[in-house]
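See structure below.
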Amino acid sequence: MEYTVPSSHPRYRSLMEREKLIQGYEKGLVATQGLIAHGRGEAFDYIIGEETIPPAKRALEAAAASLLLAKWPIISVNGNAAALVGEALARLSNRHGIPLEVNIFYRTEERHRRIIEHLRSLGARRVYGDQLVEGVPGLESSRRLVDPRGILRADVVVVLLEDGDRTEALKRMGKRVIAVDLNPLSRTAMNADVTIVDNVTRAVPLLDSLLDQLGKRPKSELERRVEEYDNRRTLGEVLLFIKERLEKLAVELGVTMRE
Ligand code: ATP
């Protein structure tokens, strides 16, 4: 039975995201494990205050600059991403000419096909993942599969809610990896070139408008932004943001901070 979340509910947004995932699960897009991964993301989102924090904004700018400079950019889409932000991804992909590739961890032919169909039904014009070759060394067989028109030839790959092994494998292939991951401590976050610690539901529309804004800037400025960006430092800033936010909340609860 479908549950309708009242819009007055204080946790409306978060509950709607759950609903989207559950519906995605019922439509065969989301894996059972995807529901668990979402829970971990939610916990981190609660901790950062469910908003795009300043270090994530800087990472988003570096990501947009990298995508604008890329020769063969691609966005790797899994079941959770398709269920949560399928529409926003289709829009970004069409507007900026960045193709999508369906690439999933818990792979079944059926789920893979359904995600491709789902993205196409939302209007995405270039969805790859239906011509797969064994292309990623160092991973077990089904996860080695990539599309020669997409991830295989790409120079910049955006991964949404990815696992650490695959991020590392893509890096070994010489690709520049941009990750959106709410967990700043995950292996994906640590290994990517640009880690956007934000919810995909906020990050994807923001990336879309940043591509518009930065698309008007000269190439030399984009190159400088990419060069000056330091991902380890940005992750450190995320951790400091969390520390300071939690300290502030603790003080509000009556705790006196030690020097
Ligand atoms: P790793 O292998 O990289 O160390 P992991 O084992 O946590 O990480 P998974 O469980 O496969 O990897 O990945 C799910 C990741 O996606 C988690 O880090 C989780 O915080 C993050 N995540 C879940 N939901 C969202 C969301 N809506 N937006 C952004 N990130 C999310």
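Computed from a predicted structure; not experimentally measured. As the structure lists them, so they are numbered: ligands from 1, and atoms in each ligand from 1.
Closest to atom 28 (N) of ligand 1 among all protein heavy atoms lies Val200 N, 3.0 Å. For atom 27 (N) of ligand 1, the closest non-hydrogen atom on the protein side is Asn199 OD1, 2.9 Å. The single protein non-hydrogen atom nearest to atom 24 (N) of ligand 1 is Leu161 CD2, 3.2 Å, given as residue, atom name and distance. With respect to atom 23 (C) of ligand 1, the closest heavy atom belonging to the protein is Ala37 O, 3.2 Å. Shortest contact from atom 30 (N) of ligand 1 to any protein heavy atom: Leu182 N, 3.1 Å. The nearest heavy-atom contact from the protein to atom 6 (O) of ligand 1 is Arg40 NH2, 3.7 Å. Closest to atom 8 (O) of ligand 1 among all protein heavy atoms lies Ser186 CB, 3.7 Å.
Each of the atoms 3 (O) of ligand 1 lies under 4.0 Å from some heavy atom of Thr188. Of all atoms in ligand 1, listed by their number and element, those nearer than 4.0 Å to a heavy atom of Leu84 are 27 (N). Each of the following atoms of ligand 1 lies closer than 4.0 Å to a heavy atom of Asp181: 15 (C), 16 (O), 17 (C), 18 (O), 19 (C), 20 (O), 21 (C), 30 (N). With ligand atoms numbered from 1 in the order given, ligand 1 contributes 2 (O), 3 (O), 11 (O) to contacts under 4.0 Å with heavy atoms of Asp163. Every atom of ligand 1 is numbered from 1 in the order shown, and the set under 4.0 Å from a heavy atom of Gly41 is 19 (C), 20 (O), 22 (N), 23 (C), 24 (N).
Closest approach of Gly79 and Ile104 over heavy atoms only: N-CG2, 4.0 Å. Asn80 and Val30 get closest at one heavy-atom pair: OD1-CG1, 3.6 Å. In terms of heavy-atom proximity, Thr195 sits nearest to Ala189 at OG1-O, 2.7 Å.
With respect to Arg107 and Glu109, a salt bridge is recorded, a charged nitrogen being found less than 4.0 Å from a carboxylate O. A salt bridge is absent between Asp193 and Lys175: the closest approach of a Lys/Arg side-chain nitrogen to an acidic carboxylate oxygen does not fall below 4.0 angstrom. Classification of Glu61 and Lys57 as a salt-bridged pair fails, no side-chain N sitting under 4.0 Å from a carboxylate O.
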- Task: Evaluate the criterion side-chain hydrogen bond (donor to acceptor under 3.5 Å, both in side chains) for residue pair Thr201 and Arg13; output intermediate values, then yes/no.
- Result: CA-CA 10 Å; Thr201 56; Arg13 237 188 101 109; 3.1 Å; yes
- Verify side-chain contact (heavy atoms from CB on, under 4.5 Å) between Val197 and Asp181, making sure each step is shown before the conclusion. CA-CA 5 Å; Val197 180; Asp181 189 337; over 6 Å; no
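Comparing Arg166, Arg202, Arg187, Glu162 by heavy-atom distance to atom 4 (O) of ligand 1, the nearest is Arg187.
In terms of N/O distances under 3.5 Å, ligand 1 is not approached by Phe44.
When heavy-atom distances to ligand 1 are checked against a 4.0 Å cut-off, Asp198 comes that close only through its backbone atoms N, CA, C and O. Of the heavy atoms in Glu17, none comes closer than 4.0 Å to ligand 1.
Cation-pi geometry between Arg111 and Tyr106 is not met at under 6.0 angstrom from the ring centre and within 45 degrees of the axis.
When the options Val146, Val77, Ile75 are evaluated for a side chain to side chain contact (heavy atoms under 4.5 Å, CB included) with Glu101, the one that passes is Val146.
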